[in-house]
Amino acid sequence: GRRPQFKPNTDYVLYVCALTGSNPDYFPATGDYRRKEIRTDSEGAFTFKHTFDSEQEYYLRIYPADSIDDHINQFPVFAV
């Protein structure tokens with residue numbers, strides 16, 4: 001298996017970014033996004049709840065809580 005990507009017991013910021021009407025290249029200056037604060041558990045995992053606004057593609061972007069410049073990863077999600 002791979003090493004954990006997220007540090008245990010650490011704060012992160014999760015952005016749920018809608019692609020319709022947004023340009024991810026200019027995030028966070030423009031675009032439709034929701035910000036959520038998350039904390040990993042003792043194994044580096046996290047959970048969150050979100051109700052998507054519409055049926056479309058979204059990106060989940062994760063950053064350390066103390067620096068938006070240190071983009072960790074981006075995951076595509078399709079809400080149907």
Side-chain angles (χ1 to χ4, degrees):
R2 295 179 58 190
R3 292 192 324 238
Q5 188 160 6
F6 304 105
K7 296 177 184 175
N9 304 311
T10 303
D11 294 320
Y12 292 91
V13 176
L14 167 70
Y15 288 95
V16 180
C17 308
L19 288 187
T20 300
S22 299
N23 186 338
D25 292 338
Y26 297 107
F27 172 82
T30 62
D32 179 13
Y33 64 89
R34 304 292 181 270
R35 182 181 193 274
K36 296 180 177 286
E37 295 178 8
I38 56 175
R39 182 167 182 82
T40 56
D41 64 16
S42 62
E43 295 181 350
F46 64 88
T47 59
F48 71 99
K49 292 182 181 183
H50 182 76
T51 301
F52 293 97
D53 295 332
S54 63
E55 184 175 319
Q56 64 170 302
E57 184 176 6
Y58 294 84
Y59 282 141
L60 304 180
R61 291 185 169 182
I62 302 170
Y63 298 83
D66 58 355
S67 176
I68 194 168
D69 295 326
D70 294 329
H71 178 226
I72 293 177
N73 211 331
Q74 174 173 291
F75 303 96
V77 175
F78 296 90
V80 290

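As the structure is a computational prediction, the values presented were derived from the model and not from experiment. Sequence positions, counted from 1, serve as the residue numbers for this chain.
Applying the side-chain hydrogen bond (donor to acceptor under 3.5 Å, both in side chains) test to Asn9 and every residue at least two apart in sequence or in another chain returns nothing. Annotation: salt bridge (charged side-chain N to carboxylate O under 4.0 Å, His left out) contacts of Glu37 (sequence neighbours excluded): Arg35. Every residue meeting the salt bridge (charged side-chain N to carboxylate O under 4.0 Å, His left out) condition with Asp11, not counting sequence neighbours, appears here in chain and number order: Arg39. For Phe46, the ring pair (Phe, Tyr, Trp, His ring centres under 6.0 Å) partners at least two apart in sequence or on another chain are Phe6. A search for side-chain hydrogen bond (donor to acceptor under 3.5 Å, both in side chains) contacts involving Thr47 returns nothing, not counting sequence neighbours. Evaluation of the side-chain hydrogen bond (donor to acceptor under 3.5 Å, both in side chains) rule for Asp66 yields no partner, not counting sequence neighbours. Residues passing the salt bridge (charged side-chain N to carboxylate O under 4.0 Å, His left out) test with Asp41: none are found, sequence neighbours excluded.
Hydrophobic clustering, with ILVMFWY side chains joined whenever heavy atoms are under 4.5 angstrom apart, keeps Phe78 apart from Phe52.
With hydrogens and angles disregarded, a donor-acceptor distance shorter than 3.5 Å links the side chain of Thr40 to the backbone of Thr10. Tyr15 places no side-chain N or O within 3.5 Å of a backbone atom of Tyr59 that could act as its donor or acceptor partner.
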Test side chain to side chain contact (heavy atoms under 4.5 Å, CB included) applied to Val16 and Leu60, step by step: CA-CA 5 Å; Val16 180; Leu60 304 180; 3.8 Å; yes
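Rounded to the nearest 0.5 angstrom, Phe75 CZ and Arg61 CZ are separated by 12.5 Å.
Ala79 and Ser54 make their closest contact through CB-O, 3.7 Å (heavy atoms, listed as atom of the first residue, atom of the second, distance).
Relative ring orientation between Tyr58 and His50 is described as perpendicular, the plane-to-plane angle rising above 60° on a 0-90° scale split at 30° and 60°.
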